[in-house]
Amino acid sequence: EAPGTEQELTDGFHLVIDALKLNGIDTVYGVPGIPITDLGRMAQAAGIRVLSFRHEQNAGYAASIAGFLTKRPGVCLTVSAPGFLNGLTALAHATTNCFPMILISGSSEREIVDLQQGDYEEMDQLAIAKPLCKAAFRVLHAQDIGIGLARAIRAAVSGRPGGVYLDLPAKLFGQVMDAAAGEKSLVKVIDAAPAQLPAPSAVKRALDVLKNAKRPLIILGKGAAYAQADEAIKNFVEKSGVPFLPMSMAKGLLPDLHPQCAGAARSTVLKEADVVMLIGARLNWLLSHGKGKTWGEAPKKFIQVDIEPKEMDSNVEIVAPVVGDIGSCVSAFLDAMGANWSAAPSDWLATVAKKRDDNVAKMAPKLMSNASPMDYHGALGALRTIIAERPDTIFVNEGANTLDLARGVVDMHKPRKRLDVGTWGVMGIGMGYSIAAAVETGLPVLAVEGDSAFGFSGMEVETICRYKLPICVVIFNNDGIYRGTDVNSAGDDPATTVFVKGSRYDKMMEAFGGVGVNATSPDELKRAVNAALDSGKPTLINAVIDPAAGSESGRIGNLNPQSALNKK
Ligand code: OXT
Ligand code: ADP
Ligand code: MG
């Protein structure tokens with residue numbers, strides 16, 4: 001080449017980073033190693049926030065909840081085979097929960113993998129990912145990186161959101177091409193999640209069913225929270241006058257203290273309603289599949305609003321399916337209702353309100369208990385007050401009793417502030433969710449964790465301290481899974497559900513420079529949480545809970561299979 005005519009070059013590393021940036025992806029959650037260490041370094045140098053975790057599953061859960069909170073795909077970056085598999089649980093979780101996420105994994109050389117010759121961390125990752133996500137792609141040539149990422153983004157966020165796998169073999173990163181051609185090969189995705197308008201006939205059919213109901217109910221699910229159509233949903237629910245029941249992560253979409261909220265009258269409304277409108281909630285196990293004892297004797301009609309047409313009739317007949325994105329559907333309802341919509345029958349509203357007020361009154365004295373060791377209600381009573389005073393705090397929650405009782409006790413006041421175990425009831429989301437919630441929103445996070453639940457992601461407290469995130473972790477330490485009182489009747493090993501008694505999880509935090517507190521009464525707990533939220537310092541509070549206070553599997557003990565035999 002003649003001097004001065006040297007070609008400007010780019011390579012796979014830079015094209016991946018440029019493609020991410022072009023599409024507004026400014027945060028990546030992952031664990032470094034061969035072959036993606038330099039990709040992470042270069043991405044960081046290029047201004048992308050690269051958060052480095054201690055285990056890929058936690059990075060993956062972080063990416064999944066980033067997707068839920070932002071409506072943009074959360075990105076998780078892993079190394080080959082074992083790193084990929086560690087991240088895959090979270091990708092499957094994202095898909096199951098309808099959260100947009102992209103798992104980008106390095107992989108080893110195709111020609112060796114395909115002949116099964118034993119490469120470093122050899123695995124046919126694309127084939128393994130496929131059944132566990134919405135879509136899976138592999139990029140073999142640098143000039144296809146732009147299209148590959150565009151396809152991944154679109155697949156993750158359009159229609160029903162979910163997890164997407166993007167396989168990038170090690171060799172791709174070093175591939176060189178002309179810089180100008182490389183830039184041209186990148187794709188900025190236009191209208192990644194297009195609005196999907198419901199058919200006017202479907203809107204009319206649904207409103208006709210709702211209008212003729214004597215005991216209508218609206219169930220709001222986490223799809224409604226995801227949609228970020230908060231004002232429209234609130235206006236629709238209020239205009240309809242219908243009682244609403246929020247699923248766990250839909251709490252706060254309308255405040256739990258709203259006069260139409262039926263959260264504290266759950267059994268009654270499910271049994272007695274004659275028309276049920278589901279908005280972004282599936283009739284899966286969490287709603288007893290729409291049938292059986294939970295739903296009572298009275299015949300029911302279901303209206304369902306969902307972006308996924310195949311969801312309709314999945315468990316029971318849907319008499320009025322409304323397929324579209326929730327923002328568009330709810331706006332169409334509001335338009336079609338006109339000015340003279342008459343609110344739901346007042347005797348029904350009175351029935352729901354009475355049941356709700358009775359349940360709230362029944363719970364109130366339990367929340368005042370200042371007993372030590374604490375029981376769940378005493379401890380949660382303190383936290384409930386804190387959330388009422390600081391409604392912007394993001395509340396992350398996992399465990400069994402710790403989860404189920406917190407869901408009922410701690411009222412939520414704003415949308416998307418409660419993040420929990422979701423559709424699978426999975427343990428391990430705690431620290432990953434907390435980190436992403438703090439990073440994506442800048443808001444303080446309060447994570448309330450069963451001692452078992454915390455153990456699944458506990459090492460990430462180092463990550464929290466390293467990035468100095470405003471996260472306060474409260475561990476409900478009852479010495480075990482469900483309870484700390486089980487004994488093994490046959491030998492010296494501890495029972496399978498108990499942990500070291502009197503553990504001090506707070507000391508873990510001190511090891512990394514965070515604040516650790518041991519709290520033995522609701523007053524101490526309250527002081528420590530308020531101090532943590534005021535200071536914004538990474539804090540872990542070991543809340544000592546009576547080991548006998550919990551029940552087997554919390555509120556879902558009925559799902560445990562029973563042996564008919566009398567043997568141990
Ligand atoms: O209407 P009625 O009268 O019925 O009353 C209801 C409401 O109206 C009323 N209510 C109120 N009253 C007064 N005031 C207010 N504000 C109020 N609000 C409501 O209260 C009742 C109950 O209301 P709720 O909660 O809405 O209704 P209900 O009937 O419970 O709803 C049904 C469900 C199914 C929707 C609900 O229960 C639900 O969402 N459940 C989710 C349960 C779940 O997902 N659990 C997690 C999994 S459990 C288990 O599998 C665990 N594991 C195994 C494991 C897992 N999961 N993952 C992995 C990767 N590996 C293993 C493990 C290891 S849990 C677990 C660890 C547990 O130990 P921890 O130490 O972590 O935790 P502890 O138990 O604390 O020790
Ligand atoms: P929950 O657990 O709160 O009951 P689910 O996860 O079961 O909620 O249901 C969420 C539903 O919301 C899914 O069926 C999904 O297809 C749907 N959904 C997600 N986002 C949207 C959206 N923007 N518009 C319409 N439906 C959506
Ligand atoms: Mg426990």
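Order of listing sets the numbers, starting from 1, for every ligand and every atom in it.
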Below 4.0 Å from ligand 2: does a non-hydrogen atom of Ala250 turn up there or not?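 No; Ala250 lies far enough from ligand 2 that no heavy-atom distance drops under 4.0 Å.
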In this structure, does ligand 2 have an atom that sits under 4.0 Å from one of the heavy atoms of Gly324? yes
Enclosure of Glu297 CD (heavy-atom neighbours >12, cutoff 6.0 Å):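 For Glu297, atom CD is not crowded (no more than 12 foreign heavy atoms under 6.0 Å).
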How about NZ on Lys501, more than 12 heavy atoms from neighbouring residues, nucleotides or ligands closer than 6.0 Å, or not? yes
Lining ligand 1 at under 4.0 Å, by non-hydrogen atom distance, are residues Gly263, Ala264, Ala265, Arg266, Ser267, Trp285, Leu286, Asn359, Val360, Met363, Tyr376, Gly399, Ala400, Asn401, Thr402, Leu403, Asp404, Arg407, Gly408, Asp411, Val421, Gly425, Val426, Met427, Gly450, Asp451, Ser452, Ala453, Phe456, Asn478, Gly480, Ile481, Tyr482, Arg555, Ile556
Count, waters excluded, of protein N, O or S atoms under 2.8 Å from the Mg ion (ligand 3):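 Those protein atoms number 3 in total.
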[X] neighbourhood, listing ligand 2 atoms whose heavy-atom distance to it stays under 4.0 Å:
X	result
Gly221	3 (O)
Cys98	13 (C), 15 (C)
Asn284	7 (O)
Tyr226	20 (N)

Would Lys362 and Asp358 pass as an ion pair if we require N to O under 4.0 Å? no
Return the residue, atom name and 0.1 Å-rounded distance of the protein heavy atom closest to [atom].
atom	answer
atom 4 (O) of ligand 2	Met247 CG, 3.4 Å
atom 23 (N) of ligand 2	Ala227 CB, 3.9 Å
atom 2 (O) of ligand 2	Lys222 NZ, 2.7 Å
atom 16 (O) of ligand 2	Asp306 OD1, 2.6 Å
atom 26 (N) of ligand 2	Ile307 N, 3.1 Å
atom 25 (C) of ligand 2	Ile326 CG1, 3.2 Å

What's the separation between atom CZ in Phe476 and atom CG in Leu403, rounded to the nearest 0.5 Å?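 Between atom CZ of Phe476 and atom CG of Leu403 there are 11.5 Å.
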Parallel, tilted or perpendicular: which fits the ring planes of His93 and Tyr433, with parallel below 30° and perpendicular above 60°?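 Ring orientation, 0 to 90° scale: tilted.
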Using the side-chain hydrogen bond (donor to acceptor under 3.5 Å, both in side chains) criterion, which residues pair with Arg390? Sequence neighbours excluded.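 Once residues adjacent in sequence are excluded, the partners of Arg390 under the side-chain hydrogen bond (donor to acceptor under 3.5 Å, both in side chains) criterion are Asn530, Asp534.
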Any donor-acceptor pair under 3.5 Å linking the side chain of [X] with the backbone of [Y]?
X	Y	answer
Trp285	Thr423	yes
Lys301	Ala320	no
Asn477	Ser503	yes
Lys134	Arg160	yes
Glu524	Thr520	yes
Asp256	Lys251	no
Glu460	Arg54	yes

Before you tell me yes or no, could you show the steps for Asp392 and Lys414 under salt bridge (charged side-chain N to carboxylate O under 4.0 Å, His left out), namely the whole-Å CA-CA distance, both residues' side-chain angles and the distance that decides it to 0.1 Å? CA-CA 7 Å; Asp392 284 317; Lys414 296 200 174 175; 3.0 Å; yes
Among Gly422, Cys329, Gly280, Gly223, closest by any non-hydrogen atom to atom 19 (C) of ligand 2: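 Of the listed residues, Gly223 has the closest heavy atom.
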Nearest heavy atom to atom 7 (O) of ligand 2: which of Arg282, Gln228, Arg160 does it belong to?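 When every heavy atom of Arg282, Gln228, Arg160 is considered, Arg282 comes closest to atom 7 (O) of ligand 2.
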Kindly write out the residues that satisfy ring pair (Phe, Tyr, Trp, His ring centres under 6.0 Å) with Phe68, not counting sequence neighbours, or none if the list is empty. Phe99
Report the C-alpha distance between Arg483 and Asn478 in whole Å, list the side-chain angles of each, state the deciding distance to 0.1 Å, and finish with yes or no for side-chain hydrogen bond (donor to acceptor under 3.5 Å, both in side chains). CA-CA 6 Å; Arg483 272 183 305 254; Asn478 66 345; over 6 Å; no
